[in-house]
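I have placed the structure first, in the form of structure tokens, so that the comments after it can refer back to it.
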Amino acid sequence: MNRLGTVVATLALTLAGLASAPASSPSYARGAEAAPTERPAVLGVRTIGHSVQGRKIVAWHLGQRGRPKVVLIATMHGNERAPRQVLQSLRDRSPIRGVDLWVVPTYNPDGAAHGTRKNAHGVDLNRNYPYGWRDLDGNYESGSHAGSEPETRAMMRFLRDVRPTWVLSFHQPLHGVDLDTKRPAFAHRVSRHLDLPAKRFTCGGACHGTMTMWFNHRFKGTALTVEYGDHPSRRLMRERAPRQVLAIWGAHRVSG
Ligand SMILES: [Zn+2]
């Protein structure tokens, strides 16, 4: 084939690809990739942004459209590695019914790669949100200003776009569900289903610039912190907890 022929053939293939794109699926918008067919639970996958060091932050769309919209976030602190197994297990097994679910298993991929609480700028992402932000140092380094970190801005864009009714942010090791939220009845429901005590997490004083505070202030939905213990078993993370999380909304996996 001559050069012009190659160009025409390439153009034709590109157009054919565009025509067959799944236009009805909102999950494919904004720099998304195709849904891997080997994961039957996955409706779509979206890169919601990149970390300081250029790693992708990925959100997976699962469940059933038109049902209660839920976002689950793990590994906001890179050294709290256990709870992402819950989200990965939900993503990697059979299809889910009864909830319109997004999971972000590795929100802080640089921290996860280096085993650090903070991102690659040394910022605690859970102190960098633009609600009650303060200039904090040390373990709670809050960044140069509210929303200074690309990971923070990526999650803000994503949550603004998806507008979930419920958000759970998974951490370790305080072993409990945060009662200090705008719907305490929901916190008690989560506590019962996850078999974790309802507690008040004080951030060692007042909380500043946390993701849940920002979300609760900014949106109608409710965001809640869930803390597992230091060493939850793999069996809990991969087998029991995924079922318990779905049961909060009366959702379940299709058996098989
Ligand atoms: Zn944490």
Side-chain angles (χ1 to χ4, degrees), residues 48-49 51-52 55 57-59 70-88 102-134 136-143 146-156 158-159 166-181 187 190-191 194 196-216 222-234 236-237 241 244-245:
I48 66 169
S51 66
V52 170
R55 293 183 173 88
I57 303 169
V58 179
V70 175
V71 171
L72 307 177
I73 299 162
T75 335
M76 183 184 222
H77 295 133
N79 57 346
E80 299 167 8
R81 294 159 175 271
R84 71 170 158 183
Q85 295 176 72
V86 180
L87 280 56
Q88 289 166 338
W102 288 87
V103 299
V104 182
T106 309
Y107 173 29
N108 175 4
D110 294 349
H114 303 298
T116 58
R117 172 180 176 87
K118 302 174 196 172
N119 76 349
H121 282 154
V123 173
D124 182 344
L125 298 177
N126 210 23
R127 298 294 180 278
N128 190 238
Y129 280 72
Y131 183 74
W133 183 89
R134 290 264 185 91
L136 305 172
D137 301 316
N139 199 36
Y140 301 126
E141 169 60 54
S142 56
S148 60
E149 302 310 299
E151 295 90 345
T152 306
R153 296 193 300 272
M155 186 57 74
M156 288 172 66
F158 175 66
L159 292 174
W166 311 104
V167 177
L168 295 183
S169 178
F170 288 96
H171 294 258
Q172 291 175 270
L174 300 178
H175 190 71
V177 174
D178 191 6
L179 252 187
D180 197 9
T181 183
V190 173
S191 156
L194 301 190
L196 290 168
K199 289 181 177 175
R200 281 177 201 281
F201 300 128
T202 60
C203 303
C207 295
H208 294 287
T210 67
M211 184 192 73
T212 53
M213 282 170 64
W214 171 78
F215 183 87
N216 285 328
T222 297
L224 192 62
T225 299
V226 173
E227 296 252 359
Y228 283 101
D230 246 328
H231 300 291
S233 71
R234 187 180 156 79
L236 172 64
M237 294 291 94
Q244 292 173 325
V245 167

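Residue numbers start at 1 and run along the sequence shown. Note that ligands are numbered from 1 as they come in the structure, with each ligand's atoms numbered from 1 the same way.
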### Query
What's the count of protein N, O or S atoms under 2.8 Å from the Zn ion (ligand 1)?
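Protein N, O or S neighbours of the Zn ion (ligand 1) under 2.8 Å, waters not counted, come to 4.
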### Query
When rounded to the nearest 0.5 angstrom, what is the spacing between OG1 in Thr75 and CZ in Phe170?
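Those atoms lie 11.0 Å apart.
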### Query
To the nearest 0.5 Å, what is the distance between OG (Ser142) and CG (Asn126)?
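That separation rounds to 11.5 Å.
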### Query
Do Asn128 and Glu149 have a side chain donor and acceptor closer than 3.5 Å?
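Result is no, nothing qualifies.
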### Task
Can you label the angle between the Tyr129 ring and the Trp214 ring as parallel, tilted or perpendicular, going by 30° and 60°?
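Ring orientation of Tyr129 relative to Trp214: tilted.
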#### Entry: Residue pair His175 / Lys199, side-chain heavy-atom distance below 4.5 Å
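Yes, at least one pair of side-chain atoms sits under 4.5 Å.
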### Query
Sub-3.5 Å donor-acceptor pair from the side chain of Gln172 to the main-chain atoms of Arg81, do we have one?
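Looks like yes, one N/O pair under 3.5 Å.
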